[in-house]
Amino acid sequence: MLLTAVHRFAGQQGDHLPVTASNKGSTPCWVTSYPAVKLGDAGAVLPHSKKDNPGGSKRLTLQPGGKVYSAVNLFDYGSKHHTAQSFALALRGTNGQSGPSYSVALQGAKPQFSWNEADVLNWSAKKPYDF
């Protein structure tokens with residue numbers, strides 16, 4: 001599984017880290033729920049977005065070469081915010097437990113991001129934003 005992210009809408013009040021998971025193997029694999037994400041050195045896993053569609057318990061199968069998408073929503077209200085240049089992501093099993101965390105390769109013109117609040121979207125076969 002290859003995980004990548006692109007920092008979109010950098011410097012705006014509501015920017016995003018769209019995440020793509022690609023099956024680079026030769027056999028099918030699957031994801032469920034939403035990824036467990038930790039931003040920078042923050043210790044807590046981000047919550048699921050309350051604005052997201054239901055259905056995160058559904059298993060999405062990725063055939064070899066297949067992709068699924070999620071996104072980290074970042075909200076920066078200007079003061080007392082956190083700043084980072086990296087984040088870690090873990091996949092969840094059907095029991096909701098997180099597996100090991102992996103650093104995600106962050107791409108984009110501005111790799112540093114800031115936030116006061118952040119949340120995560122479910123995995124989806126469709127891109128959640130235009131990225």
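Quick caveat: nothing in here was measured; it's all calculated off a predicted structure.
Between the CH2 atom of Trp123 and the OG1 atom of Thr20 there is a distance of 8.0 Å, given to the nearest 0.5 Å. In this structure, OG on Ser124 lies 8.5 Å from NZ on Lys58, to the nearest 0.5 angstrom. Atom CG of Leu2 is separated from atom NZ of Lys67 by 8.5 Å, given to the nearest 0.5 angstrom.
With a 4.5 Å cut-off on side-chain heavy atoms, Leu62 and Trp30 do not count as touching. The side-chain heavy atoms of Pro35 and Val120, taken from C-beta on, include a pair separated by under 4.5 Å. For the pair Leu39/Leu46, a side-chain contact is recorded, criterion being any heavy-atom separation below 4.5 Å from C-beta on. Trp115 is not listed as a side-chain neighbour of Leu17, based on a closest heavy-atom distance of 4.5 Å or more.
Residues satisfying the side-chain hydrogen bond (donor to acceptor under 3.5 Å, both in side chains) test with Thr61, not counting sequence neighbours, are none. When the side-chain hydrogen bond (donor to acceptor under 3.5 Å, both in side chains) test is applied to Ser114, the partners found at least two apart in sequence or on another chain are Thr83. Residues satisfying the side chain to side chain contact (heavy atoms under 4.5 Å, CB included) test with Asp52, not counting sequence neighbours, are His48, Ser49, Leu121, Asn122. Under the side-chain hydrogen bond (donor to acceptor under 3.5 Å, both in side chains) criterion, Asn73 pairs with His16, Asp119, Tyr129, sequence neighbours left out. Scored by the side-chain hydrogen bond (donor to acceptor under 3.5 Å, both in side chains) test, His82 finds no partners at all (sequence neighbours excluded). With sequence neighbours left out, Ala88 forms a side chain to side chain contact (heavy atoms under 4.5 Å, CB included) with Ser101.
In terms of heavy atoms, Gly40 sits closest to Ala84 at CA-CB, 3.6 Å. Contact between Gly25 and Pro64 at its shortest, heavy atoms only, is O-CB, 3.3 Å. Contact detail for Ser70 and Pro128: the closest heavy-atom pair is O-CG, 3.9 Å. The two residues Ala44 and Lys38 come nearest to each other via the heavy atoms O-CG, 3.8 Å.
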Run the numbers on Leu91 and Tyr34 for side chain to side chain contact (heavy atoms under 4.5 Å, CB included), then give the verdict. CA-CA 8 Å; Leu91 301 177; Tyr34 59 98; over 6 Å; no
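The backbone N or O of Gly65 lies less than 3.5 Å from no partner atom in the side chain of Asn23, so there is not a single donor-acceptor pair.
A chain of hydrophobic side-chain contacts below 4.5 Å, direct or via other Ile, Leu, Val, Met, Phe, Trp or Tyr residues, connects Met1 to Val37.
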